[in-house]
Student: 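Could you have a look at this structure, given as structure tokens, before my questions?
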Amino acid sequence: MSTTTAELLKGASDLFPDEVVTSAHVRHLELPFNAGKFALITLDNGLDHTKPTTFGPASLANLNAAIDQVEKEAAEGGIVGVGVTGKPFIFAVGADLKGVELLKRHEDALAIGKGGHDVFKRLSGLAVPTFAYYNGAAMGGGVEVGLHCTYRTVSKALPAFSLPEVFLGLVPGWGGCTLLPNLIGADKAVSVIIENSLNQNKQLKGQQVFELGIADALFEGADFLEQSLIWTANVLKGDVEVERPVVDRGEAWDQAVARGKFIADSKVHGAAPAAYRALDIIAASKNGDLQKGFDAEDQALADLIMGGELRAGIYAFNLVQKRAKRPAGAPDKNLARPVTKVGVVGAGLMASQLALLFLRRLEVPVVLTDIDQERVDKGVGYVHAEIDKLLGKGRINQDKANRLKALVSGVLDKAEGFADADFIIEAVFEEIGVKQQVFAEVEAVAPAHAILATNTSSLSVTEMASKLKHPERVVGFHFFNPVAILPLLEIVRGERTDDAALATAFGVAKKLKKTAVLVKDAPAFVVNRILTRFMGEIQNVIDEGTPVATAEKAVEPLGLPMSPLVLLELVGPAIGLHVSETLHGAFPDRFTVSPNLKAVVEAGKRGFYVYDSGKPELDPEVAALLKQGDVVLTEEQVRDRVLDAVAQEIRLMLDEGVVAEAQDIDLCLITGAGWPFHLGGITPYLDREGVSERVTGKKFLAPGIASVPA
């Protein structure tokens, strides 16, 4: 490490007061087959084995000191090689984000980049071969420290391996953008760095790491280190020769970068810089000039650390990893009642998905009911078919498949099915009268302690429970489609819902592995209310005369997972119309009912687009239905209008106490609607773009939250 970088790192270290310091212990081993004395560096933060090992300034200094020791031994001929591994189940997961978000100056951010490079690249500069043993989870800098080694092995049991920086608003800045394409080729590197990151931070398993060529050998998890050391001995003795494919530095490299740009454009539409900075570095690494690449990584890292995208990304990461695990306003978990049997009212697609989820996560009896045997049989059949798919994919074994199938059943008689159920959820037609009738029937046969849950997306939980003898046990339990994928669960407290019902609901949500957010019983709750206001403004400008293509393209810079009208198609125009009518009834001054949307629904159309050409094009039949005015807005005008509407609605929701804080709204949008990390949900973006203050007179978040500290 250079003196200048050491000084800068020392200064940066003062800004990492809460760093969980990673130690780098050196121990010496005699390799098998008389291959010689070997130095093994183990990364360990001294906490329990579930806590990730990270790198901050002090941690880098510790690794640097360990390399000092082995460098001297290698120069003196005392060792034949050096290995790096992690504590059980965790290799290392990269930079200490808690410290990164505290950085205020570009030069401190630059020091972090240079410090990581200076330490890691010493591994490739040693006089002896170096080996990385990916024994557990490896992400970001954890992956990169291994890329600086001569050889790598990976465990078959490794659960998660990624370079997630682009997902958060950074670039792999300690060698990833430069070394990975030079190791496995640009196309595979683009898949790992760009495609996987922008695909909700997709993780690789050990087998995939090996197949990509990132690791040179793959071993079972049980004796991974032992087998890796045997393999190391054979490599050092020359009995095993590692052969790697020649990297194509011609047209294929340029095509890979172009593919990465296409992926980035389709995901963030140029609105977030990280992916493009990473692609620039990959493109510049084509000639194999590693130091030039490292310098570019340092600069990109520093620039992005001081930018809003990363701050929003870290904020979003903290919401998902921390706030989601400690829901604001959740009652004492000790009040929760045990759930040993679940009832599901309905056997349609949504109800069947819910039954499958409860069955898989709780592994308790689940019984479905519906109005006729055909529907019941279809619902149970759906669950059985999905279990068979899991079996076919090797996700479960035959014994578990048989056990799960035996636990699910269907009956017509609610008294027969629900007499001993502890938790009963309805998923029937979204009409208040129908749901009230269902709950009345269920209350008459369910045990006194049973929790009654509704999956309503917009109706009042309080009104739904108003005619029951015991409305205190009714709770909103709003899932998002597809149920198995989207993590969010809006838990709605009605006016009479008691703490026991609420605590049970949160306990069940945790077992379902869902992100639970406590929501006040307000029209459409959180996600649907914001999305309906958002999409309502899009529909309004179309109704007034703006072309559909202009309205859709206007919000592309937000980098949302899909355009508003494609989302409407996914939700279903009829459902979208129903929610807009519900909200119009509650807030007629802000929520409209689009006559064009109504016409589309009445015509039985499933959306605004057809896909005959392979891409979405306005359906000619829908175009013929549209009746538009003569007010045509520009993309910028549409975007301003939409964002102003969203900012206004969020401020009103916070004033109404729909959720505890703006952070809960962002958590809902990220986990329930797939809004990107680089927005931080939405409020950091509204703050950063000045929309919050323009519309509401103040920012949603305090300085330093999702922004550079003052």
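The figures that follow rest on heavy atoms only: side chains count, while hydrogens, waters and symmetry mates do not.
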Student: More than 12 heavy atoms of other residues, nucleotides or ligands under 6.0 Å from CD of Glu251: is that the case?
Tutor: no
Student: Under 3.5 Å, is there a donor-acceptor pair between the Asn318 and Lys98 side chains?
Tutor: no
Student: Given salt bridge (charged side-chain N to carboxylate O under 4.0 Å, His left out), test Glu297 with Lys114 step by step and report yes or no.
Tutor: CA-CA 9 Å; Glu297 288 175 351; Lys114 287 184 176 296; over 6 Å; no
Student: Sub-3.5 Å donor-acceptor pair from the side chain of Asn135 to the main-chain atoms of Lys87, do we have one?
Tutor: yes
Student: Do Asp295 and Gln299 get their side chains close enough for a donor-acceptor pair, meaning under 3.5 Å?
Tutor: no
Student: Give the C-alpha distance, both sets of side-chain angles, the deciding distance and a yes or no for salt bridge (charged side-chain N to carboxylate O under 4.0 Å, His left out) between Arg105 and Asp108.
Tutor: CA-CA 5 Å; Arg105 302 186 308 166; Asp108 291 328; 3.0 Å; yes
Student: Answer yes or no: is there a donor N or O on one side and an acceptor on the other, between the side chain of Thr153 and the main chain of Ser228, under 3.5 Å?
Tutor: no
Student: Parallel, tilted or perpendicular: which one describes the rings of Phe55 and Trp174, with boundaries at 30° and 60°?
Tutor: perpendicular
Student: Looking at Glu635 and Ala551, would you say the former's side chain and the latter's main chain have a donor-acceptor pair under 3.5 Å?
Tutor: no
Student: Any side-chain heavy atom of Leu279 within less than 4.5 Å of one from Val190?
Tutor: yes
Student: What residue among Arg259, Lys267, Lys202 forms salt bridge (charged side-chain N to carboxylate O under 4.0 Å, His left out) with Glu195?
Tutor: Arg259
Student: Do Asn481 and Leu486 have side chains that approach each other closer than 4.5 Å (heavy atoms only, starting at C-beta)?
Tutor: no
Student: Check the pair Asp265, Lys261 against salt bridge (charged side-chain N to carboxylate O under 4.0 Å, His left out), reporting the backbone distance first and the verdict last.
Tutor: CA-CA 6 Å; Asp265 287 344; Lys261 187 175 185 303; 3.1 Å; yes
Student: Which value, rounded to the nearest 0.5 Å, describes the distance between Ser191 atom OG and Gln208 atom CD?
Tutor: 11.5 Å
Student: Using the side chain to side chain donor-acceptor pair (under 3.5 Å) rule, take Arg122 and Asn64 through it: C-alpha gap first, then chi angles, then the decisive distance, then the call.
Tutor: CA-CA 8 Å; Arg122 293 186 67 195; Asn64 193 59; 2.8 Å; yes
Student: Strictly by side-chain hydrogen bond (donor to acceptor under 3.5 Å, both in side chains), give each pair with a member in residues 137-151 just once, sequence neighbours left out.
Tutor: Thr130-Thr150
Student: Is it true that, when you exclude Gln291 itself, more than 12 heavy atoms of the residues, nucleotides or ligands shown sit nearer than 6.0 Å to its CD?
Tutor: yes
Student: Please check if atom NZ in Lys553 has more than 12 non-hydrogen atoms from other residues, nucleotides or ligands closer than 6.0 Å.
Tutor: no
Student: Closest heavy-atom contact between Leu310 and Leu304?
Tutor: CB-O, 3.3 Å
Student: Say whether Glu309 and Tyr685, considering side chains only, have a donor N or O and an acceptor N or O under 3.5 Å apart.
Tutor: no
Student: For Asn287, does its backbone N or O pair with a side-chain atom of Trp253 as donor and acceptor, under 3.5 Å?
Tutor: no
Student: What I'd like to find out is whether the side chain of Glu636 reaches to under 4.5 Å of the side chain of Val638, using heavy atoms alone.
Tutor: no
Student: Enter the distance from Leu170:CG to Leu97:CG here, rounded to the nearest 0.5 Å.
Tutor: 7.5 Å
Student: Measure the shortest side-chain to side-chain distance between Val642 and Phe534 over non-hydrogen atoms and say whether it is less than 4.5 angstrom.
Tutor: yes
Student: I'd like to know if the side chain of Glu19 and the backbone of Gly56 have a donor-acceptor N/O pair within less than 3.5 Å.
Tutor: yes
Student: Strictly by modelled atom types, are Arg533 and Asn528 linked by a side-chain donor-acceptor pair under 3.5 Å?
Tutor: no
Student: Hey, what do you get for CD1 (Ile305) to CG (Leu102), rounding to the nearest 0.5 Å?
Tutor: 11.5 Å
Student: Quick one about Gln203 and Ser162 (side-chain donor to acceptor, distance below 3.5 Å, no hydrogens or angles considered), yes or no?
Tutor: yes
Student: Within the 4.5 Å heavy-atom criterion, are Thr671 and Phe480 side-chain neighbours or not?
Tutor: no
Student: What distance do Ile112 atom CD1 and Leu301 atom CG have between them, rounded to the nearest 0.5 Å?
Tutor: 8.5 Å
Student: Quiz question: by atom type and distance under 3.5 Å, do the side chains of Asp666 and Thr683 form a donor-acceptor pair?
Tutor: yes
Student: I'd like to know if the side chain of Arg152 reaches the main chain of Ala132, judged simply by a donor and an acceptor atom lying under 3.5 Å from each other, with no hydrogens or angles considered.
Tutor: no
Student: Using a 4.5 Å cut-off on heavy atoms from C-beta on, say whether the side chain of Thr53 contacts that of Phe91.
Tutor: no
Student: Check whether any side-chain heavy atom of Leu123 lies under 4.5 Å from a side-chain heavy atom of Val145, and answer yes or no.
Tutor: yes
Student: First locate atom CG of Leu163, then atom SG of Cys177, and finally report the distance between them rounded to the nearest 0.5 Å.
Tutor: 8.0 Å
Student: Should the heavy atoms of other residues, nucleotides or ligands under 6.0 Å from NZ of Lys286 be counted, would the total exceed 12?
Tutor: yes
Student: Surrounding CZ of Phe89 (heavy atoms of other residues, nucleotides or ligands, distance under 6.0 Å), is the total greater than 12?
Tutor: no
Student: Between Tyr134 and Val143 (side chain of the first, backbone of the second, donor and acceptor by atom type, cut-off under 3.5 Å), is there such a pair?
Tutor: yes
Student: For the rings on Phe210 and Phe161, is their centre-to-centre separation under 6.0 Å?
Tutor: no
Student: Any donor-acceptor pair under 3.5 Å linking the side chain of Asp289 with the backbone of Ser285?
Tutor: no
Student: Are side-chain N/O atoms of Asp687 and Ser692 paired as donor and acceptor at under 3.5 Å?
Tutor: yes
Student: Is the closest side-chain heavy-atom distance between Leu643 and Leu558 below 4.5 Å?
Tutor: yes
Student: Measure the CD1-CH2 distance between Ile670 and Trp675 for me, rounded to the nearest 0.5 Å.
Tutor: 10.5 Å
Student: Heavy-atom count around Arg694 CZ within 6.0 Å, excluding the residue itself: above 12?
Tutor: yes
